[in-house]
Amino acid sequence: MASLGVNIDHIANVRQARLTNEPDPVQMAFLAELGGADGITVHLREDRRHIQERDLELLRKTIKSRLNLEMAATKEMLDIALKIKPDMVTLVPEKREEITTEGGLEVNGNQLKINKIVDKLKSSKISVSLFIDPIPKQIKASSDSGAETIEIHTGSYALASRKNQKVELAKVEESVNRARCLGLHVNAGHGLTYQNVEPIAAIKEMEELNIGHSIISRALAIGLKEAVKEMKNLILYPRKDRLFSS
Ligand code: PXP
């Protein structure tokens with residue numbers, strides 16, 4: 001059965017919108033683990049738009065599950081990963097102007113560069129996953145790179161119309177088989193929701209699903225009513241010790 005890696009980037013997005021200290025992704029990671037998360041995933045972006053190095057350092061010290069660091073294949077990120085030592089690094093493509101990760105890593109076209117980074121991470125006992133589209137040449141190149149794991153980009157599956165979803169699912173299934181034949185471990189993620197996760201989770205030999213946006217959105221839906229109730233209570237029934245006497 002596939003395990004669940006919870007991506008908490010969006011919690012940091014809300015914090016960064018005000019450059020304040022709440023919500024704290026480190027505290028929320030604890031709650032994700034209480035809920036059953038098998039791993040915590042964060043993407044440290046070059047522009048630091050959500051997760052900060054401080055988050056990474058504290059997560060490394062506090063979480064009990066696995067820490068999966070998504071990052072671009074750059075020298076700066078490599079140095080950070082070697083310092084923090086997450087359980088796994090997932091190499092992803094990164095464009096400054098994108099809203100979220102678009103498309104998989106072009107391993108095939110950047111074989112030497114990727115091989116070098118994979119090698120350096122593995123020498124430091126950090127497991128490596130490559131986030132790729134479900135395309136045979138990328139799977140082969142990933143296997144050639146020495147990475148132990150691939151994460152299949154499920155964006156096309158998630159965005160497909162109901163009619164095309166079966167075709168996209170078949171591509172993911174075929175990719176899992178191909179990767180397994182090459183000895184790779186297989187994860188998947190991107191765009192998975194409460195509506196579309198089951199067929200992907202049911203794929204035999206799928207090891208881990210990384211899910212962020214949908215879980216954080218659901219957390220707001222489940223939690224907002226309680227949060228408003230608490231605030232309304234403070235307005236209606238102020239705590240005496242919090243009032244300034246005139
Ligand atoms: N996997 C990777 C490599 C990603 O970049 C992302 C998005 O940050 C996810 C999984 C999670 O995607 P979503 O937020 O759509 O669940």
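As the structure lists them, so they are numbered: ligands from 1, and atoms in each ligand from 1. This chain uses plain numbering: 1 for the first residue, then up along the sequence.
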**Request:** Within a distance under 4.0 Å of any heavy atom of His213, pick out the atoms of ligand 1 and give their elements.
**Result:** 13 (P), 14 (O), 16 (O)
**Request:** Heavy-atom contacts with Val92 under 4.0 Å: which atoms of ligand 1 show up? List them by number with element.
**Result:** 3 (C)
**Asked** Less than 4.0 Å between a side-chain N and a carboxylate O, is that true for Asp87 and Arg60?
**Response** yes
Heavy-atom nearest neighbour in the protein, as seen from [atom], with distance rounded to 0.1 Å:
atom	answer
atom 15 (O) of ligand 1	Gly191 N, 2.8 Å
atom 6 (C) of ligand 1	His190 CD2, 3.6 Å
atom 8 (O) of ligand 1	Asn7 ND2, 3.3 Å
atom 11 (C) of ligand 1	Asn210 O, 3.8 Å
atom 16 (O) of ligand 1	Gly212 N, 2.8 Å

**Request:** Could you tell me whether Lys120 atom NZ has more than 12 heavy atoms of other residues or ligands within 6.0 Å of it?
**Result:** no
**Message:** Just so I know, are the side chains of Asn13 and Ile216 near enough to count as touching, which here means a heavy-atom distance under 4.5 Å?
**Reply:** no
**Asked** So do the side chains of Ser3 and Glu207 get within less than 4.5 Å of each other, counting heavy atoms only?
**Response** no
**Message:** Once you restrict to heavy atoms under 4.0 Å, what part of Glu70 touches ligand 1? Side chain, backbone, both or neither.
**Reply:** side chain
**Asked** What part of Glu151, side chain, backbone, both or neither, has a heavy atom within less than 4.0 angstrom of ligand 1?
**Response** side chain
**Message:** Measuring from non-hydrogen atoms of Ser214 to any atom of ligand 1, is the shortest distance under 4.0 Å?
**Reply:** no
**Message:** Checking the side chain of Asp133 only, and the main-chain atoms of Gly104 only, is there a donor and an acceptor separated by less than 3.5 Å?
**Reply:** yes
**Message:** Treating Asn7 as the side-chain partner and Val42 as the backbone partner, does any N or O pair qualify as donor plus acceptor under 3.5 Å?
**Reply:** no
**Message:** Between His10 and His213, is the ring centroid distance below 6.0 Å?
**Reply:** yes
